[in-house]
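Encoded as structure tokens, the structure appears first; notes follow it.
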Amino acid sequence: MTNGETEKGLWEVANKLRANSKLSAAEYSTPVLGLIFLRYADFKFTNKEKEFETKVKKTRRQIGKIDYQAEGILYLPEKARYSYLLNLPEGSDIGQAINNAMHRIEKENTDLKGVLPKGYTKLDNDMLIALLKAFSKIDHSQEGDVFGKIYEYFLGKFAMNEGQKGGQFYTPTSIVRLIVEIIEPFHGKILDPACGSGGMFVKSAGFVEKHHKSPSSEISVYGQERITGTVNLCKMNLAVHGLVGDIKEANTFYEDIHKSVGKFNFVMANPPFNVHGVDYEKVKGDPRWSLGLPSTDNANYLWIQQFWSALNNKGRAGFVMANSASDARGKEAIIRQKLVEKNVIDVMISVGSNFFYTVTLPCTLWFLDNDKVNTNRKDKVLFIDARNIYKQIDRAHREFTSEQIDKIAGIVRSYRGERGAKPYKEVRGLCKVATIKEIEEQGWSLNPGRYVGVAEKEKEDYDFKERLKEYNEELQELDTKAHELEEQINENVNKLLEI
């Protein structure tokens, strides 16, 4: 069974169990993700235990908790082992046993204190037994990060089911991958001040691994998130991927908990758009807002300045932003002008609608580069209109394929003149390099549509009059059905009134 089939098969089992219960996706998601985490922790512990048994025979030295933790392995007491829970006798309170296991793990591994889920008594015994059995069959002999991929797959599925709420903790994978491929976080400190469940960190680690290096030795990750449950999801996500990060609970507008100014090699984020109600009196004087405070009750330009101010002199940032920020007026336009004139805006990419679970509207990806001023890209910005590039997943959701990510990132690499990249070529309707002078002439707009132009359309092979006739007939048919429905509704209402 391939990784993709494993993930899909496990999800079908888990989702069927939830469908037959009274639990919402929100109530169900965290306990299920906790079981995936527990299965992963047990797998790592068991492998290390076997390795230590060989050493014990050679050295006759007693192995303890410190030995496991020195190897980056969570120490699991006997009653927190997956096999113990899986083999509990019939009639046992499985929910309480799992809660106790999570408490025991936190007690032995203080970095996880308060992180692991404990609400397992809300799930009935039969459901928990079925989930434990399902996850026990994960084939960890496959190559690659099996548990991490399963955790990520479940995160995405739960986010899709939870809709608006899901978007608070999950950024669609293809968007994250595109950001990572463009900012290229090979080595250094990475910050996400709106980190959600940590997808930016996980994909950065994957990028490093793809280039045959160890993430633990090449990158260090730092995050902020204001929702306790989401912080915990992030910490579990990192642990399942074998990563360690400094993730703190804090409101980024009022607390710069990592003292971020000028400190980071890379910043990546998908912040909440158009936030209202920030207390500007509380943020005054903070060095992160050195370019000025917004003139409206909208925090987009606080986020943008947070991302830029955290970069060191060679740092790169990639983040998601509402389209409106590209053309915002008033003080926001002045802040945007300053960023352009400072030569830190490197690439702007328009993304089409239906990529996100929080909003159906299109958005823009911003890419900053503090070292651009020292390259031949000085006084230039690359604009890409990717609104017509996507794969339709279902009626309401889209994504980028791997090939599409490579195409878009390839345009950026060509623009930068990176080794091995094809020579940069402008394509009408897709990409255009504009000068600062051209951007000034457009009122400092950073909307790609203003620069790339409209793609030439192929001549469509159909008879216009015939097509118009077809549309008119279809409209008349729909109009007739509408009248029929209206009559039926009136008839039903009258019957109800007679009762």
Does the pair Trp366 and Ser326 meet the rule for a side-chain contact (heavy atoms from CB on, under 4.5 Å), with working shown?
CA-CA 9 Å; Trp366 293 48; Ser326 302; 4.2 Å; yes
Asp346 side chain to Tyr415 side chain, donor-acceptor N/O pair below 3.5 angstrom
yes
Does a donor on one side chain sit under 3.5 Å from an acceptor on the other, for Gln305 and Arg288?
no
Could you check whether any side-chain heavy atom of Val347 comes within less than 4.5 Å of a side-chain heavy atom of Val381, counting everything from C-beta outward?
no
Applying side-chain hydrogen bond (donor to acceptor under 3.5 Å, both in side chains) as the test, list every pair that has at least one member in residues 110-130; sequence neighbours left out.
Glu106-Lys118
Evaluate Val267 against Ile183 for side-chain contact (heavy atoms from CB on, under 4.5 Å), listing each step before the verdict.
CA-CA 9 Å; Val267 174; Ile183 72 167; over 6 Å; no
Without hydrogens or angle criteria, can the side chains of Asn313 and Asn370 be said to hold a donor-acceptor pair below 3.5 Å?
no
Side chains of Ser324 and Asn274: does their closest heavy-atom pair fall under 4.5 Å?
yes
Going by heavy atoms in the side chains, are Ser21 and Met127 under 4.5 Å from each other?
yes
Just by distance, no angles: are the side chains of Ser197 and Asn237 close enough, under 3.5 Å, to form a donor-acceptor pair?
no
Could you tell me whether the side chains of Thr228 and Glu249 share a donor-acceptor contact shorter than 3.5 Å?
yes
Contacts of type salt bridge (Lys or Arg N to Asp or Glu O under 4.0 Å), residue Glu12, not counting sequence neighbours
none
Sole candidate of Trp303, Phe307, Phe273 that passes ring-ring contact (aromatic ring centres under 6.0 Å, His included) when paired with Phe319:
Phe307
Side chains of Arg81 and Thr46, donor plus acceptor under 3.5 Å
yes
When you check the gap from the basic side-chain N to the acidic O, do Asp246 and Lys248 get nearer than 4.0 Å?
yes
The criterion is side-chain contact (heavy atoms from CB on, under 4.5 Å); which residues satisfy it with Ser290, sequence neighbours excluded?
Trp308
For the atom pair CG (Leu116) and CG (Leu33), what is the distance rounded to the nearest 0.5 Å?
12.0 Å
Cationic N near anionic O, under 4.0 Å, Glu184 to Arg413
yes
Pairwise distance CZ(Phe264) to CG(Asn312) - rounded to 0.5 angstrom:
10.0 Å
Please examine the side chains of Lys213 and Phe186, heavy atoms only from C-beta on, and report whether any two atoms are closer than 4.5 Å.
no
Checking salt bridge (Lys or Arg N to Asp or Glu O under 4.0 Å) for the pair Glu181/Lys210: CA distance, chi angles, key distance, verdict?
CA-CA 11 Å; Glu181 286 293 327; Lys210 190 172 82 171; 2.8 Å; yes
Would you call Lys149 and Glu7 a salt bridge, taking side-chain N to carboxylate O under 4.0 Å as the test?
no
Do Asp369 and Val344 touch side chain to side chain, with heavy atoms closer than 4.5 Å?
no
Ring centre gap for Phe158 and Trp11 strictly below 6.0 Å:
yes
Does the side chain of Val412 reach to within under 4.5 Å of the side chain of Phe367, using non-hydrogen atoms?
no
Is the NZ or CZ atom of Arg39 positioned over Tyr82's six-membered ring, under 6.0 angstrom from the centre and within 45° of the axis?
yes
So, Ser402 versus Arg177: side-chain donor-acceptor pair below 3.5 Å or not?
yes
To the nearest 0.5 angstrom, please state how far the CD1 atom of Ile129 sits from the CG atom of Leu88.
8.5 Å
Looking at the rings of Phe52 and Tyr68, which for Trp means the six-membered one, are their centres under 6.0 Å apart?
yes
Aromatic plane relationship, Phe147 with Tyr40 - under 30° parallel, 30 to 60° tilted, over 60° perpendicular:
perpendicular
Taking all atoms of both residues into account, what is the closest heavy-atom pair of Ala386 and Ile408, and its distance?
CB-CD1, 4.0 Å
Output yes when Lys203 and Glu152 qualify as a salt bridge under the 4.0 Å nitrogen-oxygen rule, no when they do not.
yes
When you measure from the centre of the six-membered ring of Phe37, is the NZ or CZ of Lys235 closer than 6.0 Å and no more than 45° off the axis?
no
Set out, in order, the CA-CA distance, both residues' side-chain angles and the distance that settles side-chain hydrogen bond (donor to acceptor under 3.5 Å, both in side chains) for Thr230 and Glu225, then state yes or no.
CA-CA 7 Å; Thr230 308; Glu225 174 59 51; 4.6 Å; no
Can a donor-acceptor pair be found between the side chains of Glu399 and Thr173 at a distance below 3.5 Å?
no
Separation between NE2 (His258) and OH (Tyr222), nearest 0.5 Å, reads 8.5 Å
For Glu51, the salt bridge (Lys or Arg N to Asp or Glu O under 4.0 Å) test, sequence neighbours excluded, returns Lys48
Can you name the residues that form a side chain to side chain donor-acceptor pair (under 3.5 Å) with Glu332, not counting sequence neighbours?
Ser295, Thr296
Spacing of Leu339 atom CG and Leu368 atom CG [to the nearest 0.5 Å]:
7.0 Å
Assess, by modelled atom type and distance only, whether the side chains of Asn99 and His103 contain a donor and an acceptor separated by less than 3.5 Å.
no
Can you name the residues that form a side chain to side chain donor-acceptor pair (under 3.5 Å) with Ser216, not counting sequence neighbours?
Ser214
How long is the span from the CD atom in Glu27 to the CG atom in Leu123, to the nearest 0.5 Å?
9.0 Å
Kindly indicate whether the side chain of Ile405, heavy atoms from C-beta on, has any atom under 4.5 Å from the side chain of Ser174.
yes
Honestly, is Arg316 close enough over Phe266, meaning NZ or CZ under 6.0 Å from the six-membered ring centre and within 45° of the axis?
no
I'd like to check Leu361 versus Asn323 (side-chain heavy atoms, cut-off strictly below 4.5 Å). Are they in contact?
no
